[in-house]
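Chain naming here is simple, since letters A, B, ... match the order of the sequence lines and numbering starts at 1 in each.
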Amino acid sequence: MLTFKNYTAKQRGKKQESEVLIGNEINNAEIVKWVLRTQFDRNLVTLYDVEEQVLDYIFAHLGINTEGCVQHPVVMTEAICNPNYCRQQMSELLFECYHVPQVSFGVDAMFSWYRNHPSPKDKCDSLVLSCGYQTTHILPVLDGRMDPKHCRRINLGGAQLDAFMQRLLQLKYPGHMAAVSLGRAEIIQSELEEWTSDTYYDDNVHKIQLPYNAAVSGNQLSADQMKERREQQIKRLKEANAKRRLEKLQSDEEKLQELMSVQELLEDEDEEAFNRALQALPHDYSSAEELQDDINKLTVSIQRLKAKIMGTEPPAVEESKAPVYDLLDIPDDQLTTDQLSAKKRQRILKNAREGRIKAQAIQREKQQREREEERRLELKRKSNFVGWLQEVRNRRQKLLEMRNNRKQRKADMAKRRTLASQQRMKIITQLAGGGSKKKKEDTFGQDDADWDVYKEIHPQNADSDSDAEEDKLEELETLLREHDPEFQKEMDASMGPSTEFDIAEYYRLHLAIEKIRVPELLFQPSMIGIEQAGISEAMDFVIKKYQPDVQNRIVQDVFLTGGCAMFDRFKERLEKDLLELRPFKSKFNLSVANNPILDAWYGARQWALSPTLPIYSVTKEEYEEKGGEYLKENVTSNRYIPTPVTATK
Amino acid sequence: HSIKGAAGSKKTRVWKNLKQIVAAERSMAWKPDDVTYGSIDAPPSFKPAKKYSDLSGLPALYTDPETKLRYTTPEEYSRIRVMPSDVVTGCLALRKATAIVP
């Protein structure tokens, strides 16, 4: 017997003639490059070219080597109430393409029923629950024939349960979204069918009661490897940087040499040669002073580069000579236009330089202050331990409070009707409406303080200042952790799980309530947003369509088949629901197929071997005469309802 | 060998998908007693749907008004507040509850 999944895989490539893998030839269904196609659309076959490929595969594997035709009668299953169009296409494929001599169609659930009810007295009234891969059917059987009029189909099956399981795990563990693939979800699902409990009421009361199962430890990259990789990357970056600096140093020194040699020419009082050399240089020097300036700049930058390579602090930048601001002192009306523009330039330069000096001075002061603070703290720690501890704790508390306030403000800005968001709207309207008196000139960006408005408006930007704060916080915390015995306990109480990161634990998925939720989907399709009734309700609906005496007869033999019937204690759950539905003190019987997955095949096999097969098969001549939709009804098949012919005028 | 599609035509034959087949079936003139693929769909449920927490799967007693996620315990609520938005939409899409608010 050959079992495989109905998939073909083709390479998503440019070539038209790329290889096609079918069924069991597909090793790993998850490779991104391959396009997976199946001939099914829900439970109907719609893509007949894929079906042809699959049939080719089947016949090849069964060892049929007759050229161009298959000389064996074929028994094939079809969906319940298979549309005539589909049967037409399938018959066409079998008869025309493969030249099959005779074909018989049947319903898979009925084949399974046929197999499990061998003796004639069993063939009476029954209710078949067929839990398939894409759909679930509730199928009443009267007098050995299925009653399609009162059959009902729920569009949920094993495939939807797999997808549900996959989405649940992905959402629960967003860090592992890639790892939770459909294939893994299917494996979990099939294991579920062996050991999950479906009686959900009792287990759901207390969270603590749920068993914790370390199910999957999907390690693609263990964390150690990732750390190593990151370190290697950092090393590589550092090496690249160092190399670049060396190169720049070399080129700078060369340039310096050139310029110095040109300068020497000047000192040698060889004006002509000097001018010629000046012109030859790539730069456009008009005078010797510019040359001198450039030389100075280059020497300074070389010094800094050297210092950086050594790893020491670059020396403070000192201006070699103070620029001349002579024009500033002369009042405006005594200057020509050129001198005026020169004066403006000088003023700008002067302002910029003064501003820079001031800023540097302020920074230096701040650094000095911080260093003094730290020194003071250290002294204090040595002298007065408890006081120091208190101070550190207070500082940490303040930082935490500030962080919380910022978070709260950010959240408030998002919600409507809070003070923060109202303020924000006011600021925005002011800016947009133009609160300034000048209507023509928009001087927004020229003042550095203007940009701070964005910090107030946009809630995200406010966080960017917090990096420095985070560092401070960490420093304080490490200090505390070293010196304060009580701090550790506090941290544990507030944070809950320990800061020790167990890598294997991180990669473990816990499957506690998903075991119950996923099969429960069959009973409550509303969990996934599908508007249909669940199994129990639909069963109730179907049963109530009959007269009470027929109801009783049907319910005496409820038969479960199909892959999803293999969930542990599925039968008990159904018995419980049926007990709720049936009248007080009435009896019913539930039975499960011997081999729920494969019984349909065994039933079809039994059917094929029975001597009555030729009576119920459609032969090639009959196909050609009566068309592809024709169906010879039998115990296991659908009813044949020919397509109504629209009267043409 | 395949008889489908003309030999040498670049475009492969386009098959009807499920929706088209069902729609085509429905539009035909059946007798009232006839059964088609579309006529055996299960009816919608008569009982109100039970609500389950989007995070834990336990019966949900509360709903967060901002994100519309359902939760059972206050700890779940604190987790909902810091959840990234793509996970939020994922949970809602699973329940088919991502309607645009008018």
Side-chain angles (χ1 to χ4, degrees), chain A residues 41-42 44 46-49 52 68 79-86 89 92-93 96-97 136-138 148-149 151-155 164 167-168 170-172 174 204 207 411 414-415 512-514 516-517 524-534 537-538 541 638-639 641 643-646, chain B residues 1-5 10 12-13 15-22 24-25 27-31 33-59 66 72-73 75 81-84 86-88 90-98:
Chain A
D41 187 351
R42 216 192 274 157
L44 295 182
T46 47
L47 296 176
Y48 290 93
D49 54 340
E52 192 185 334
I80 298 183
C81 298
N82 197 21
N84 286 334
Y85 174 79
C86 294
Q89 298 286 41
E92 189 180 325
L93 181 66
E96 310 262 349
C97 185
T136 306
H137 287 98
I138 299 169
K149 189 150 175 243
C151 167
R152 286 293 177 262
R153 172 190 67 240
I154 306 172
N155 298 326
F164 188 50
R167 285 305 287 158
L168 277 182
Q170 276 182 345
L171 289 171
K172 195 171 172 187
N204 283 5
K207 202 159 67 150
K415 292 191 218 155
I513 202 166
E514 286 77 21
I516 301 172
R517 254 180 120 181
Q524 294 183 36
S526 56
M527 289 210 281
I528 210 172
I530 294 183
E531 284 293 323
Q532 293 185 311
E537 260 200 80
F541 183 76
N638 284 313
R639 289 275 155 79
I641 304 167
T643 319
V645 178
T646 48
Chain B
H1 63 103
S2 168
I3 54 169
K4 321 246 183 276
K10 293 254 168 87
T12 48
R13 174 169 166 174
W15 304 102
K16 280 194 189 172
N17 63 8
L18 179 75
K19 271 198 208 159
Q20 289 171 319
I21 297 178
V22 173
E25 263 214 322
S27 62
M28 293 200 236
W30 300 102
K31 297 196 286 289
D33 253 0
D34 288 342
V35 185
T36 60
Y37 185 82
S39 65
I40 57 171
D41 248 334
S45 171
F46 296 113
K47 303 190 182 142
K50 296 210 175 120
K51 300 186 202 159
Y52 296 99
S53 159
D54 290 307
L55 291 191
S56 69
L58 302 172
E66 268 176 21
T72 319
T73 63
E75 290 82 34
R81 272 214 298 175
V82 294
M83 247 191 345
D86 52 344
V87 180
V88 169
C91 289
L92 290 176
L94 196 58
R95 257 200 290 141
K96 297 220 176 78
T98 51

**Prompt:** Relative to chain A, which of B:Lys31, B:Lys16, B:Lys19 shows the most heavy atom pairs under 4.5 Å?
**Reply:** B:Lys16

**Top contributor to chain A interface from B:Thr72, B:Thr36, B:Asn17, B:Val35 [non-hydrogen pairs under 4.5 Å]** = B:Val35

**Item:** chain B contact via A:Asn84 - side chain, backbone, both or neither, heavy atoms under 4.5 Å
**Value:** both

**Message:** Heavy-atom cut-off 4.5 Å, strictly under: side chain, backbone, both or neither for A:Ile138 against chain B?
**Reply:** neither

**Top contributor to chain B interface from A:Cys151, A:Ala538, A:Ser526 [non-hydrogen pairs under 4.5 Å]** = A:Cys151

**Complete:** Of A:Pro83, A:Cys86, A:Ala79, the largest count of non-hydrogen pairs under 4.5 angstrom with chain B goes to A:Pro83

**Item:** Spacing of A:Glu537 atom CD and A:Arg152 atom CZ [to the nearest 0.5 Å]
**Value:** 13.5 Å

**Message:** Please enumerate all residues that pass salt bridge (Lys or Arg N to Asp or Glu O under 4.0 Å) together with B:Lys51, with sequence neighbours excluded.
**Reply:** none

**Prompt:** Can you name the salt bridge (Lys or Arg N to Asp or Glu O under 4.0 Å) partners of A:Arg153, sequence neighbours left out?
**Reply:** B:Asp41

**Message:** If you compare all heavy atoms of B:Val22 against all heavy atoms of B:Gly38, which two are closest, and at what distance to 0.1 Å?
**Reply:** CG1-CA, 4.4 Å

**Complete:** All heavy atoms of A:Gln524 vs all of B:Tyr52, minimum pair found to be NE2-OH, 3.0 Å

**Message:** At a 4.5 Å cut-off on heavy atoms, which part of B:Ile21 comes close to chain A: side chain, backbone, both, or neither?
**Reply:** side chain

**Item:** Interface moiety of B:Lys47 toward chain A, non-hydrogen atoms closer than 4.5 Å
**Value:** both

**Request:** Decide if atom CD of A:Glu531 counts as having more than 12 heavy atoms of other residues, nucleotides or ligands within a radius under 6.0 Å.
**Result:** no

